[in-house]
Amino acid sequence: MSELPRVTPADAKRLARLGIRTVGDLLLDLPYDWEWYGEPVPVARLRAGEQATVVGRLVRVLARRSPRGRLDLTEAVLQDDEGGRLQIVWFNQPYLARQLRAGDRLAVAGTVRLSRYGRLPEMQNPYHERVGEDGPRRVGGLMPKYHLTAGLTSRRRAAWVEVALPLAEQLTEPVPPAALARHHLLPIAEAVRKGHRPRELGEWRRACNRMAFAELLELQAAFLLARRRMAVERATPIPYRQEVIEAFKAGLGFQLTRAQRRAIWDIYRDLQRETPMNRLLDGDVGSGKTAVAAAAAAMVHAAGLQTVIMAPTEILARQHLGAFRAYLERSFPELRVELLVSGLGAKERRRVKAAAASGHCAVLVGTHALIEEDVALAALGLAVVDEQHRFGTRQRELLRERSRHGRPHFLAMTATPIPRSLALALYGEMALSIIDEMPPGRTPVATRVIEPGRREEAYEVVRREVRAGHQAFVICPLIEASATLEAKAATAEFERLRREVFPDLRLALVHGRMRDKDAVMRAFREGGSDILVATSVVEVGVDVPGATVMLVEGAERFGLAQLHQLRGRVGRGRLRSCCLLLADDPSAKSLERLRLMEQTTDGFRLAQEDMRLRGAGELMGPRQHGMSDVAMEALQRPELLSEVRQEAQRLLDEDPGLDRWPGLWQAAQRRLELTSIS
Ligand code: ADP
Ligand code: MG
């Protein structure tokens, strides 16, 4: 990126946060919307407060420093063809004074205000473009809106794109020409040009369509390639044995739900094959995915093979250790479950590794330590990843490679309810099992949306619960652009609550920028504090049975699916729990959206609604698969998806290795590598 003029290293970092690392990425990321400044108008017709475009000749350009020397000002006067004069000032763009000269013909677009000197109308920091006699091409009319992070503006992005646009010719076209023709798609260079500089919005939409189609095609091709690759891999088949599942059920202590039985059955069917299982188990928090994984482990064990389970945090790994032991030890007393995390002492670590290497340990539970250390398993039959979105493709691969010979079967688990259509589009290389039913006997978390003026009522509920010996979460608003800002805001809120609201209670703080989040969570779980003030990092499945209140600040900034996940942090024990959603400044629309939380506890339904109301992009979080918004939106168009899928199938049928289309092959590989965030 730094090859572009005026992209500082800090800018490059900001862009990288948006997934833009090369000039090509910059070009491929089209504006997501436009601002309309209208056709050029004479200065005489300008009105303060309106957005407008003016074309004229510069009669004066002057560089100055602001009175206290803090700002570089570029001041100019623009005169239109009727003699009307517009005052212009640009802040902190000193290079403009060097680039612009009196006599230049310019189009400027911005908001009109009354001049500080009272005489001429003025624009501050307008968009500008040098124009020929035929009028402006970019400035005026439509101005692009780009995705931004703190420190970037659409205008600066537009300026960089402007410089880079000639390079569009060098972009590799991933879509084979025949496919372009079949689906009436713009070639890549044309799409990039028209997408950033459309003459009318129809051109931009066509460009977006093409981008979405290409991205989805890359992804579908990636899935097909991955499926084919896996189809030639060999795994050890795990024979199905009725007496094993019978024993497992007998030792469980509860009845499996229908949905759990279905998922277990899906898995047993896959395990019997000679090609490795590659399955995603999707079920809400508390839906009982662990028991499903344990049922699989029992069958694998009966075949003389081992199971390894990787969780994103030590606390979760320990939770699994307890659960697997509880589920399996009664019926399979000889089945040993062990734990490997980085916190273990040297001796214990050696013992566990030896047990894994000898095959003595049937189930090995752990964290990243499983792939970072030299762990070898004598006979790995099944690899399980919990909270799979927290791991990258590479890490999952490393886990599979823990096997000394052959490829293990693979099971990924997620507590993010994903509508089936979306899961198929996003995780097309995996088979899908959905647990859409909760174990019986859960009291649903009573949820209430609380309007801005009534915050004190929410605090009162927190006090009442803490007096009763329970605990509370307070979740701080989401700040998308910056984890640092988010951490700062949470710290400030923590201080405020501690001093002004709950001075008599014990508060703790956890946010994404903290080194030892795990320790804080553990202390809270063990009752070390009454209230945990947190950013959304507590989302991941930690059990705090004593917590009965979840108070979410700025609830309207979260997606429903996200809120649902947060809500899942309470009501884990026997106690009645509640979730209080505080909206900062809610419009009727966002209030209505939040009210859905009061009405349903079905995560899949909420996810579906989220997708309908806010789009798939919001649902999945930013940059899933490195996909653009337009592509995420396109995922919701089933007819387009099936068109794309057929095209991918056709291309691969004609040319199974994509040897003729290296552009598509490379793009597909890149998509697979991007499969995971965080
Ligand atoms: P998750 O899907 O979030 O990983 P868990 O596997 O941790 O859910 O299960 C949540 C709780 O529900 C655990 O305490 C577990 O023992 C219990 N549980 C799981 N399945 C059932 C069931 N069929 N009936 C009753 N309780 C169950
Ligand atoms: Mg779990």
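We're numbering straight along the sequence, starting at 1. In each ligand, atom 1 is the first atom listed, and ligand 1 is the first ligand listed.
- At the top of the distance list for atom 9 (O) of ligand 1, counting protein heavy atoms only, stands Gly288 CA, 3.6 Å.
- The minimum heavy-atom distance linking Glu465 with Thr548 is given by the pair OE1-OG1, 2.8 Å.
- Residue-ligand proximity, Leu256 to ligand 1, at heavy-atom distances under 4.0 Å covers atoms 23 (N).
- Of the listed residues (Thr290, Val285, Thr257), the one carrying the non-hydrogen atom nearest atom 5 (P) of ligand 1 is Thr290.
- In this structure the side chain of Arg567 reaches within 4.5 angstrom of the side chain of Thr601, judged on heavy atoms.
- For ligand 1, the polar-atom distance check against Ala291 finds no nitrogen or oxygen pair separated by under 3.5 Å.
- Using 4.0 Å as the threshold, Ala415 has no heavy atom nearer than that to any atom of ligand 1.
- Of the N and O atoms on the side chains of Asp266 and Ser433, at least one donor lies less than 3.5 Å from an acceptor on the other residue.
- Atoms of ligand 1 lying under 4.0 Å from any heavy atom of Gln255, numbered from 1 in the order shown and given with element: 22 (C), 23 (N), 24 (N).
- Inter-residue side-chain proximity for Arg569 and Val544 is flagged as unmet; no heavy-atom pair is nearer than 4.5 Å.
- Applying salt bridge (charged side-chain N to carboxylate O under 4.0 Å, His left out) to Glu233 and the options Arg273, Arg400, Arg407 leaves one that passes, Arg407.
- For Phe324 and Phe332, the distance between ring centers is not under 6.0 angstrom.
- Considering only non-hydrogen protein atoms, atom 21 (C) of ligand 1 sits nearest to Phe254 CE1, 3.2 Å.
- Checked by atom type, the side-chain pair Asp284/His564 shows a donor-acceptor distance below 3.5 Å.
- The proximity of Met413 to ligand 1, defined as any non-hydrogen pair under 4.0 Å, does not occur for either the backbone or the side chain.
- Of the listed options Pro440, Gly441, Ala259, Pro439, Pro439 places a heavy atom closest to atom 27 (C) of ligand 1.
- For atom 20 (N) of ligand 1, the closest heavy atom belonging to the protein is Gln260 NE2, 2.9 Å.
- What sits closest to atom 16 (O) of ligand 1 on the protein, heavy atoms only, is Tyr327 OH, 2.7 Å.
- At a 4.0 Å cut-off, not a single heavy atom of Gly283 sits close enough to ligand 1 to count as contact.
- For atom 14 (O) of ligand 1, the nearest protein heavy atom is 4.0 Å or more away.
- Between His360 and Glu338, the side chains place no donor N or O within less than 3.5 Å of an acceptor N or O (distance only, hydrogens not considered).
- Of the protein's non-hydrogen atoms, Gly286 N, 2.6 Å is the one closest to atom 3 (O) of ligand 1.
- The protein heavy-atom contact nearest to atom 12 (O) of ligand 1 is Arg442 NH2, 2.6 Å.
- Under the 3.5 Å distance criterion, with hydrogens and angles disregarded, no donor-acceptor pair is assigned to the side chains of His409 and Asp270.
- The six-membered or imidazole ring of Phe223 lies away from that of Tyr427, with a centre-to-centre distance of 6.0 Å or more.
- Within the 4.0 Å heavy-atom criterion, the part of Asp284 lying near ligand 1 is the backbone and not the side chain.
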